[in-house]
Asks: 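Sharing a structure below in structure tokens format, with a few things to ask.
Atom set for the values below is all heavy atoms of this structure, side chains included, hydrogens, waters and symmetry mates excluded.
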Amino acid sequence: MRTIALEEHFLTGDLAHYSDATRSLAQPQVWQECEKRLFDLAEQRLADMDRAGVDVAVLSLTAPGIQAEPDPRVAVAHAAEANDFLAGLVAANPTRFRGFAALPLQDPDAAARELDRAITHLGMCGAMVNAHTLGVYLDAAPLRAVWERLEALDVPLYLHPANGYDVPHVIAGHPELIGPMWSWGTDTATHALRAVFGGVFDDFPSAKLILGHMGESLPYSLWRLDSRWDWHRHHGIELALGHPSEYLRRNLYVTTSGVCDDAPLLCALSALGAEHVLFATDYPYEDIDTATTFLAAAPVSEDDRAAIAHRNAERVLHIES
């Protein structure tokens with residue numbers, strides 16, 4: 001079965017300093033092995049894909065990427081450089097690689113232009129943003145320019161985690177809770193809900209938001225979100241569709257990255273529908289063989305397995321079948 005993986009990371013030497021915060025979360029030997037694969041953009045990566053049975057990898061600059069750059073002008077320049085570099089990788093391996101564009105959200109108008117260039121001229125199939133951009137989230141009014149282009153181009157935005165803007169008091173003193181084991185997921189789920197309650201999907205009803213890690217727990221929470229919204233809606237916020245779950249079922253897509261477990265997969269399929277679940281491995285931070293073995297053995301219908309493995313990616317990302 002053809003398999004397309006959506007959350008497959010890379011890094012370049014010029015941009016490696018952006019990953020200092022991520023590097024600090026990992027054990028040194030673990031990061032050393034990940035970094036070797038982040039920089040390997042052909043030989044080892046393709047060998048790993050072949051062994052695991054991944055036909056196409058959608059590559060993206062690893063977190064936090066451009067979002068960590070404090071100077072908007074530098075962010076714009078580095079995003080263009082990263083996207084040109086990624087386009088070169090895809091051109092060198094056109095049957096194996098696709099790309100998600102990096103966006104300099106520090107300058108929303110420039111980010112919209114770069115998105116347009118990346119899709120229409122470089123052939124990318126969407127964009128990836130790594131958490132907040134200097135404390136600014138995707139519901140911010142100036143970023144409507146980016147959402148407008150995403151909807152017009154009919155490409156998704158993949159919201160990937162990174163370190164939060166600050167450390168919540170409840171986590172203070174427990175560094176083990178900071179990072180991908182816990183805080184990245186809760187931060188990213190909250191970020192997605194900001195987009196819902198901030199009216200992004202009322203303004204852009206056809207926009208597509210992708211979350212990794214089986215939806216960062218949101219598919220598990222739909223009933224609770226609706227129930228408590230009915231109980232305490234306030235502050236003058238109105239949702240055109242009535243309930244938050246309606247937006248998550250319509251606008252949200254999730255991938256299996258970093259969650260190789262039947263229970264959350266079955267929950268995501270039940271909550272969102274098989275057409276909203278896509279495959280990813282979170283390479284090189286997770287084991288690529290574990291990811292493909294999990295999908296092959298998951299207790300789902302063969303039709304759903306094919307949808308997750310490749311058909312949804314072909315449709316949502318406009319990847320030829």
Side-chain angles (χ1 to χ4, degrees), residues 1-20 22-23 26 28-66 77-103 114 117-119 121-128 130 155 158 160 210 212 255-258 260 278-296 309-310 313-314 317-321:
M1 180 183 297
R2 189 185 196 208
T3 303
I4 301 173
L6 269 69
E7 191 182 317
E8 318 307 308
H9 306 289
F10 77 94
L11 189 58
T12 71
D14 290 342
L15 303 178
H17 64 285
Y18 289 138
S19 295
D20 288 346
T22 305
R23 181 185 298 108
Q29 67 272 23
V30 173
W31 179 260
Q32 184 178 20
E33 187 61 32
C34 285
E35 192 171 53
K36 181 174 69 175
R37 283 176 162 77
L38 286 168
F39 283 120
D40 189 312
L41 301 168
E43 184 175 359
Q44 182 66 57
R45 184 180 298 259
L46 289 171
D48 289 343
M49 290 169 59
D50 288 341
R51 186 188 65 252
V54 173
D55 297 288
V56 180
V58 184
L59 305 179
S60 54
L61 183 63
T62 197
I66 304 301
H78 281 181
E81 292 165 5
N83 292 334
D84 288 341
F85 179 82
L86 178 52
L89 294 178
V90 175
N93 293 277
T95 65
R96 307 303 304 277
F97 293 154
R98 294 292 186 273
F100 281 135
L103 297 181
E114 180 59 21
R117 185 183 79 93
I119 303 302
H121 295 290
L122 300 182
M124 306 245 176
C125 53
M128 180 175 282
N130 295 290
V155 294
Y158 201 126
H160 186 274
I210 302 177
T255 77
T256 63
S257 65
C260 299
L278 302 89
F279 179 71
T281 78
D282 208 351
Y283 182 96
Y285 300 109
E286 298 282 355
D287 181 65
I288 190 171
D289 298 276
T290 299
T292 53
T293 300
F294 159 68
L295 178 61
H310 67 96
E314 290 163 355
L317 276 62
H318 307 290
I319 296 174
E320 64 276 8
S321 62

Asks: Output, in order, the C-alpha distance, side-chain angles, deciding distance and verdict of side-chain contact (heavy atoms from CB on, under 4.5 Å) for Ile66 and Leu103.
Replies: CA-CA 7 Å; Ile66 304 301; Leu103 297 181; over 6 Å; no
Asks: Is there a donor-acceptor contact under 3.5 Å from the side chain of Asp287 to the main chain of Thr290?
Replies: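 Indeed, once roles are kept as given, a pair shorter than 3.5 Å links the two residues.
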Asks: When rounded to the nearest 0.5 angstrom, what is the spacing between CG in Leu89 and CZ in Arg96?
Replies: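 It comes to 14.0 Å.
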Asks: Donor-acceptor pair, Arg98 side chain versus Gly123 backbone, under 3.5 Å?
Replies: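 No, the answer is negative, given that no donor and acceptor are paired below the 3.5 Å cut-off.
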Asks: Strictly distance-based, threshold 3.5 Å: is any side-chain N or O of Thr256 a donor or acceptor partner for the main-chain N or O of Ala280?
Replies: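 Side chain of Thr256 to backbone of Ala280, a donor-acceptor pair under 3.5 Å: yes, one is there.
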Asks: Give me the atom names and distance for the closest heavy-atom approach of Ala309 to Phe279.
Replies: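 Ala309 and Phe279 have their closest heavy atoms at CA-CB, 4.3 Å.
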Asks: Quick one: pull up CZ in Phe85 and CG in Leu122 and give me the separation to the nearest 0.5 Å.
Replies: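 One gets 13.5 Å once the value is rounded to the nearest 0.5 Å.
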Asks: Salt-bridge test for Arg45 and Glu8: reply yes if a basic N is under 4.0 Å from a carboxylate O, no otherwise.
Replies: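 So Arg45 does not pair with Glu8 through a salt bridge.
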Asks: Which atoms form the tightest heavy-atom contact between Tyr285 and Cys34, and what is the distance?
Replies: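 Scanning both residues completely, I find the closest heavy atoms to be CD2-SG, 3.8 Å.
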Asks: Do Tyr18 and Thr62 have side chains that get closer than 4.5 Å, going by heavy atoms?
Replies: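 Not touching, per the 4.5 Å side-chain cut-off.
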Asks: Quick one: OG on Ser321 to CZ on Arg2, what's the gap to the nearest 0.5 Å?
Replies: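 Those atoms lie 7.0 Å apart.
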Asks: Any sub-3.5 Å donor-acceptor pair from Asp14's side-chain atoms to Ala16's backbone N or O?
Replies: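 Side chain of Asp14 to backbone of Ala16, a donor-acceptor pair under 3.5 Å: no, none is there.
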Asks: Say you draw a straight line from CE of Met124 to NE2 of His318; how long is it, rounded to the nearest 0.5 Å?
Replies: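 So the gap between those two atoms works out to 15.5 Å.
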Asks: Measuring only between side-chain heavy atoms, which start at C-beta, is Gln44 closer than 4.5 Å to Lys36?
Replies: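 The answer is no, as the side chains (C-beta and beyond) never meet within the 4.5 Å cut-off.
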Asks: Counting C-beta onward and ignoring hydrogens, is there a side-chain heavy-atom pair between Met49 and Thr3 closer than 4.5 Å?
Replies: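 Contact flag for Met49/Thr3 side chains = no.
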Asks: Indicate the atoms forming the closest heavy-atom contact of Ala80 with Arg117, along with that distance.
Replies: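 Taking Ala80 first and Arg117 second, the nearest heavy atoms are O-NH2, 3.4 Å.
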Asks: Looking only at non-hydrogen atoms, find the nearest pair between Val58 and Cys125 and report the distance.
Replies: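 So the two residues come closest at CG1-SG, 3.9 Å.
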Asks: So, Asn83 side chain and Ala102 main chain: donor-acceptor pair closer than 3.5 Å or not?
Replies: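 Side chain of Asn83 to backbone of Ala102, a donor-acceptor pair under 3.5 Å: yes, one is there.
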Asks: Say you draw a straight line from CD1 of Ile119 to CD of Glu114; how long is it, rounded to the nearest 0.5 Å?
Replies: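 Between atom CD1 of Ile119 and atom CD of Glu114 there are 10.0 Å.
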Asks: Which atom names give the shortest non-hydrogen contact between Phe10 and Leu59, and what distance separates them?
Replies: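 Phe10 and Leu59 have their closest heavy atoms at CD2-CB, 4.1 Å.
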Asks: Can you name the nearest heavy-atom pair linking Ala82 to Leu15, along with the distance?
Replies: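 Of all heavy-atom pairs spanning Ala82 and Leu15, the closest is CB-CD1, 3.8 Å.
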Asks: Any non-hydrogen side-chain atom of Phe294 less than 4.5 Å from a side-chain atom of Thr281?
Replies: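 With C-beta onward as the side chain, the pair stays apart.
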Asks: For Asp55 and Ile4, indicate whether the former's side chain and the latter's backbone hold a donor-acceptor pair under 3.5 Å.
Replies: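 Absent.
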Asks: Look up atom OH in Tyr158 and atom CG in Leu278, then write down how far apart they are to the nearest 0.5 Å.
Replies: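 Rounded to the nearest 0.5 Å, the OH-CG separation comes out at 8.5 Å.
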Asks: With a 4.5 Å cut-off on side-chain heavy atoms, are Leu41 and Phe97 touching?
Replies: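 When only atoms from C-beta onward are counted, Leu41 and Phe97 do not touch, as no gap falls below 4.5 Å.
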Asks: Considering only heavy atoms from C-beta outward, does the side chain of Leu317 approach that of Val155 to under 4.5 Å?
Replies: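 No, their side chains stay 4.5 Å or more apart.
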Asks: Looking at Asp48 and Arg51, is any side-chain nitrogen of the basic one under 4.0 Å from a carboxylate oxygen of the acidic one?
Replies: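 Yes, Arg51 and Asp48 are salt-bridged.
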Asks: Measure the shortest side-chain to side-chain distance between Leu61 and His78 over non-hydrogen atoms and say whether it is less than 4.5 angstrom.
Replies: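 No. Closest side-chain heavy atoms not under 4.5 Å.
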Asks: Contact between Ser257 and Leu6 at the side-chain level, heavy atoms closer than 4.5 Å - yes or no?
Replies: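 With C-beta onward as the side chain, the pair stays apart.
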